[in-house]
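One structure below.
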Amino acid sequence: MVEQHASQLDHTFHALSDPTRRAMLRNLSVHERSVGELAAPFQMSLAAASKHIKVLERAGLVHREVKGRTHVCRLNARPLSDAQDWIRYYERFWSERLDMLESLLRAEAPTPPSPSPKKGRTR
């Protein structure tokens with residue numbers, strides 16, 4: 001089970017590593033789109049768009065449905081949630097380490113000397 005989960009994360013992060021695929025996911029977050037609609041902003045062929053969509057499908061981020069001659073894609077955000085959980089673990093790890101470093105630095109910081117009282121002038 002752990003290996004399957006790791007493999008799924010690998011696919012998710014691979015899919016997210018490309019700016020075109022991230023933009024496609026953003027477009028799909030609004031509503032489902034055809035392959036042609038996903039390809040249009042990038043001025044790419046349908047074959048090139050389909051290759052990107054296959055990577056997103058392998059990661060489970062996109063579900064493609066064939067309606068006649070049109071391929072309609074829909075976002076599945078669940079793998080993004082799993083990736084966020086994985087990242088959150090390391091966020092806690094680094095937050096704890098940085099909090100510890102801050103405590104150590106504050107403990108080692110020299111205390112500033114207190115200003116000496118000014119003596120009044122007599123005339």
Side-chain angles (χ1 to χ4, degrees):
M1 182 67 179
V2 172
E3 188 173 319
Q4 182 181 8
H5 185 68
S7 176
Q8 181 61 44
L9 278 174
D10 290 347
H11 289 302
T12 300
F13 285 120
H14 172 70
L16 295 174
S17 71
D18 184 87
T20 300
R21 291 190 289 266
R22 290 191 305 267
M24 286 178 166
L25 288 176
R26 182 174 296 276
N27 288 336
L28 289 171
S29 71
V30 177
H31 60 79
E32 63 185 32
R33 299 191 190 267
S34 70
V35 173
E37 291 171 327
L38 286 173
F42 308 104
Q43 298 178 349
M44 67 174 61
S45 68
L46 293 179
S50 187
K51 286 181 182 181
H52 281 291
I53 293 166
K54 284 179 184 175
V55 172
L56 294 169
E57 285 178 306
R58 194 175 315 123
L61 292 164
V62 167
H63 173 73
R64 187 187 327 208
E65 183 180 344
V66 180
K67 294 182 179 179
R69 292 178 20 173
T70 305
H71 290 227
V72 178
C73 299
R74 189 173 38 255
L75 175 67
N76 174 25
R78 177 65 195 178
L80 293 175
S81 177
D82 294 340
Q84 184 178 18
D85 291 344
W86 185 87
I87 290 169
R88 201 174 284 128
Y89 169 82
Y90 289 97
E91 180 181 25
R92 284 191 306 266
F93 170 84
W94 283 111
S95 291
E96 289 171 8
R97 297 307 186 277
L98 291 172
D99 289 345
M100 193 180 324
L101 176 61
E102 180 183 28
S103 295
L104 289 170
L105 291 173
R106 288 184 188 273
E108 291 180 2
T111 55
S114 54
S116 57
K118 293 187 178 184
K119 296 180 183 176
R121 289 187 182 177
T122 57
R123 287 191 185 189

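When reading the values below, keep in mind they use all heavy atoms of this one structure, side chains included, and skip hydrogens, waters and symmetry mates.
At a threshold of 4.5 Å between side-chain heavy atoms, the hydrophobic network of Ile, Leu, Val, Met, Phe, Trp and Tyr places L80 and V62 in one connected group. Cluster annotation: Y89 is connected to W86 through the hydrophobic network of ILVMFWY side chains, with a link wherever side-chain heavy atoms come within less than 4.5 Å. Linking ILVMFWY residues whenever their side-chain heavy atoms come closer than 4.5 Å, directly or via other members, places L9 and Y90 in the same cluster.
Interatomic distance, CG of D99 versus CG of L104, reported as 11.0 Å (0.5 Å rounding). In this structure, OG1 in T20 is found 11.0 Å from CG in L25, a value given to the nearest 0.5 Å. Here the CD atom belonging to E65 is positioned 11.0 Å from the NE2 atom belonging to H71, to the nearest 0.5 angstrom. The structure places CE of M24 at 13.0 Å from CG of L61, a figure rounded to the nearest 0.5 Å. Note that the CE atom of M44 and the CG atom of L38 stand 9.5 Å from one another [nearest 0.5 Å]. Distance OG1/T12 to CZ/R78: 11.0 Å, rounded to 0.5 Å.
For G60 against N76, the heavy-atom pair with the smallest separation is O-ND2, 2.9 Å. Residues R22 and L16 come closest through the heavy atom pair NH1-O, 2.7 Å. Scanning both residues, A15 and L56, for their nearest heavy atoms gives CB-CD2, 3.9 Å. Smallest separation of non-hydrogen atoms from A59 and P79: O-CG, 3.5 Å. When every heavy atom of A48 is checked against every heavy atom of S45, the shortest pair comes out as N-OG, 3.0 Å.
Between E32 and R64 there is no salt bridge, since none of the side-chain N atoms of the basic residue sits less than 4.0 Å from a carboxylate O of the acidic one. A salt bridge links E102 with R106: the closest approach of a Lys/Arg side-chain nitrogen to an acidic carboxylate oxygen falls below 4.0 angstrom.
For Q43, the CD atom sits in a loose shell: 12 or fewer heavy atoms of surrounding residues, nucleotides or ligands are nearer than 6.0 Å.
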Full working for side chain to side chain contact (heavy atoms under 4.5 Å, CB included) between R33 and C73: CA-CA 5 Å; R33 299 191 190 267; C73 299; 5.7 Å; no
D18 vs V55, side chain to side chain contact (heavy atoms under 4.5 Å, CB included): CA-CA, chis, key distance, verdict: CA-CA 10 Å; D18 184 87; V55 172; over 6 Å; no
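Side-chain atoms of R21 and H52 include a donor-acceptor pair closer than 3.5 Å.
Side chain of S95 to main chain of R92: no donor-acceptor pair is present (N/O by atom type, distance under 3.5 Å, no hydrogens or angles). Judged by distance alone, the side chain of S50 and the main-chain N or O of L46 form no donor-acceptor pair under 3.5 Å. Side-chain atoms of E57 never come within 3.5 Å of backbone atoms of H63 as a donor-acceptor pair (strictly under, hydrogens ignored). With hydrogens and angles ignored, the 3.5 Å screen pairs a side-chain donor or acceptor of E37 with a backbone N or O of S34.
Residues passing the salt bridge (Lys or Arg N to Asp or Glu O under 4.0 Å) test with D85 are R88, sequence neighbours excluded. Residues satisfying the salt bridge (Lys or Arg N to Asp or Glu O under 4.0 Å) test with E91, not counting sequence neighbours, are none.
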